[in-house]
Amino acid sequence: MGSFSRKPNNRRSVYLKLAGEIEGQLRQAYAKRNEQKRETQVSVAEKLGVDRSAVNRRLVGRTNMTIETIADMVWALGHCIKVEIFDPEDHPSNEHRIVPVDEGAAETGSSANAAQTKLTFAHAGA
Amino acid sequence: MPDHDGRNPVRPLYLAAELIRWVDETDELYVEDWSDRAGGRSRFEHLEQMLSDFRCDRRPLVGDLNRVKPTKRGIWSMHCPGLRVFGWVPDTWSIVAVAVAFAEDAHGPNSVVDAKINEVLDFAKANGLAGTIQLGERSGLFQQKT
């Protein structure tokens with residue numbers, strides 16, 4: 001099966017990766033709490049003082065969340081955050097890497113100042 | 001999967017070649033500053049994210065998976081900002097996506113929904129897949145415990 005042919009540039013890819021990971025990890029955190037029967041979208045909304053639809057929009061990527069909003073969601077779901085912005089040259093791995101190399105650097109084969117962002121949401125514990 | 005998404009898919013999603021071609025050729029999907037812009041993404045980026053999340057999330061939210069009336073035809077639509085993706089469910093937690101429409105074209109007297117239903121059914125028939133169309137409700141085909 002084929003795939004879509006138009007690809008975003010590297011700069012855009014960094015944003016899409018960051019947004020996708022945040023939303024995906026929030027959904028994962030929500031799914032865990034929901035399966036534990038500890039939270040629903042309504043209960044999360046009540047904790048945050050927002051409408052349930054706002055919580056849903058945050059989980060499915062239909063709103064551009066501020067850092068504060070992300071923190072609020074993590075808190076309401078009883079999770080923690082660990083953020084790491086790193087140089088991929090220091091962390092070689094099998095994970096796909098978005099390397100924001102500018103055109104000049106690409107021609108010379110260098111990847112100076114390349115950086116990535118890695119986010120994980122950890123369980124807050126008891 | 002998009003190049004920026006390093007997740008491993010955990011469930012199948014099938015895209016008709018016609019759908020891929022329409023997405024590739026429809027310039028409006030790639031406009032970032034569109035009329036109902038939501039979540040900082042273009043319509044294409046929302047589509048791609050929705051499809052990736054369906055494939056990779058351990059437990060996808062299924063609120064945007066809807067049966068299309070008349071439900072006896074077994075056609076489903078996936079909703080993302082600005083777009084509707086039409087297809088059918090061949091098995092639990094899997095989708096064959098055949099056609100796309102702009103969300104604003106899926107309402108009102110000039111709605112394209114009926115045309116999209118027929119497009120999906122014609123595709124299934126032409127490819128000998130009509131027998132794979134599962135009927136059922138969201139709770140049955142997309143049970144929340146994966």
Side-chain angles (χ1 to χ4, degrees), chain A residues 1-37 40-41 44 52-66 69 88 91 93-100 116-119, chain B residues 1-9 12-27 29-32 36-65 78-82 96-97 100 144-146:
Chain A
M1 185 68 65
S3 60
F4 302 124
S5 65
R6 301 202 208 185
K7 308 292 183 185
N9 58 39
N10 278 344
R11 178 178 178 179
R12 186 67 182 167
S13 291
V14 174
Y15 167 73
L16 293 173
K17 181 177 176 67
L18 181 61
E21 285 203 12
I22 289 172
E23 291 151 7
Q25 291 204 33
L26 283 175
R27 280 194 302 275
Q28 199 163 310
Y30 170 75
K32 179 172 183 174
R33 287 291 181 256
N34 189 250
E35 286 171 9
Q36 293 170 337
K37 300 196 186 305
T40 62
Q41 289 190 22
V44 172
R52 186 206 68 83
S53 61
V55 171
N56 183 262
R57 285 195 298 275
R58 295 170 188 182
L59 293 175
V60 298
R62 296 196 182 181
T63 182
N64 215 347
M65 289 185 280
T66 64
T69 301
H91 292 269
S93 72
N94 291 329
E95 183 181 341
H96 176 77
R97 304 188 301 176
I98 305 296
V99 182
Q116 285 199 11
T117 303
K118 181 178 172 183
L119 286 168
Chain B
M1 293 291 293
D3 291 343
H4 59 265
D5 195 326
R7 295 177 292 177
N8 291 319
L13 173 71
Y14 307 98
L15 301 183
E18 293 88 331
L19 182 153
I20 294 174
R21 188 161 47 245
W22 186 87
V23 170
D24 283 344
E25 295 174 355
T26 304
D27 293 337
L29 301 183
Y30 301 88
V31 174
E32 289 183 20
D36 190 24
R37 187 165 182 261
R41 294 182 173 98
S42 67
R43 277 175 283 211
F44 167 74
E45 290 166 347
H46 275 296
L47 170 68
E48 196 174 47
Q49 191 67 50
M50 176 182 71
L51 298 178
S52 298
D53 290 342
F54 179 83
R55 294 192 69 195
C56 299
D57 274 2
R58 185 179 70 82
R59 200 189 86 165
L61 296 177
V62 294
D64 291 320
L65 285 169
M78 303 175 77
H79 293 201
C80 66
V96 179
V100 186
Q144 280 303 304
K145 282 202 179 292
T146 59

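Just so you know, these numbers use all the heavy atoms, side chains as well, and skip hydrogens, waters and symmetry mates. In the text below, chain A, chain B and the rest are named by the order of the sequence lines, each starting its count at 1.
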Peer 1: Give, as side chain, backbone, both or neither, the part of B:Leu29 having an atom under 4.5 angstrom from any heavy atom of chain A.
Peer 2: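 Neither the backbone nor the side chain of B:Leu29 comes within 4.5 Å of chain A.
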Peer 1: With rounding to the nearest 0.5 Å, note down the distance linking CD in A:Glu23 to CG in B:Asp53.
Peer 2: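 So the gap between those two atoms works out to 7.5 Å.
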Peer 1: Please give me the minimum heavy-atom distance between A:Arg62 and B:Pro81, naming the atom from each residue.
Peer 2: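 What the structure gives for the nearest pair is NE-CD, 3.5 Å.
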Peer 1: Quick one: closest heavy-atom pair of B:Arg59 and A:Ala31, and the distance?
Peer 2: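 Smallest interatomic distance, heavy atoms only, reads NE-CB, 3.9 Å.
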Peer 1: Going through the checks in order, is the salt bridge (Lys or Arg N to Asp or Glu O under 4.0 Å) test met by B:Glu48 and A:Arg12?
Peer 2: CA-CA 14 Å; B:Glu48 196 174 47; A:Arg12 186 67 182 167; over 6 Å; no
Peer 1: Pick one of side chain, backbone, both or neither for A:Thr63, based on which atoms fall under 4.5 Å of a heavy atom in chain B.
Peer 2: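 Backbone of A:Thr63 only, per the 4.5 Å heavy-atom cut-off to chain B.
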Peer 1: If I take atom OG from residue A:Ser13 and atom CD from residue B:Glu45, how far apart are they, to the nearest 0.5 angstrom?
Peer 2: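 Rounded to the nearest 0.5 Å, the OG-CD separation comes to 8.5 Å.
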Peer 1: Under the side-chain contact (heavy atoms from CB on, under 4.5 Å) rule, what do A:Phe4 and B:Leu51 come out as? Steps first, then yes or no, please.
Peer 2: CA-CA 12 Å; A:Phe4 302 124; B:Leu51 298 178; 4.1 Å; yes
Peer 1: So, for B:Arg41 and A:Ala19, which heavy atoms are closest and what is the spacing to 0.1 Å?
Peer 2: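 Distance-wise, the nearest heavy atoms are NH2-CB, 3.5 Å.
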Peer 1: Quick one: is the NZ or CZ of A:Arg6 closer than 6.0 Å to the six-membered ring centre of B:Tyr30, and within 45° of its axis?
Peer 2: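 Yes, cation above the ring, under 6.0 Å and within 45°.
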Peer 1: Non-hydrogen atoms of chain A under 4.5 Å away: do they reach the side chain of B:Arg7, the backbone, both or neither?
Peer 2: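 Answer is side chain: those atoms of B:Arg7 sit under 4.5 Å from chain A.
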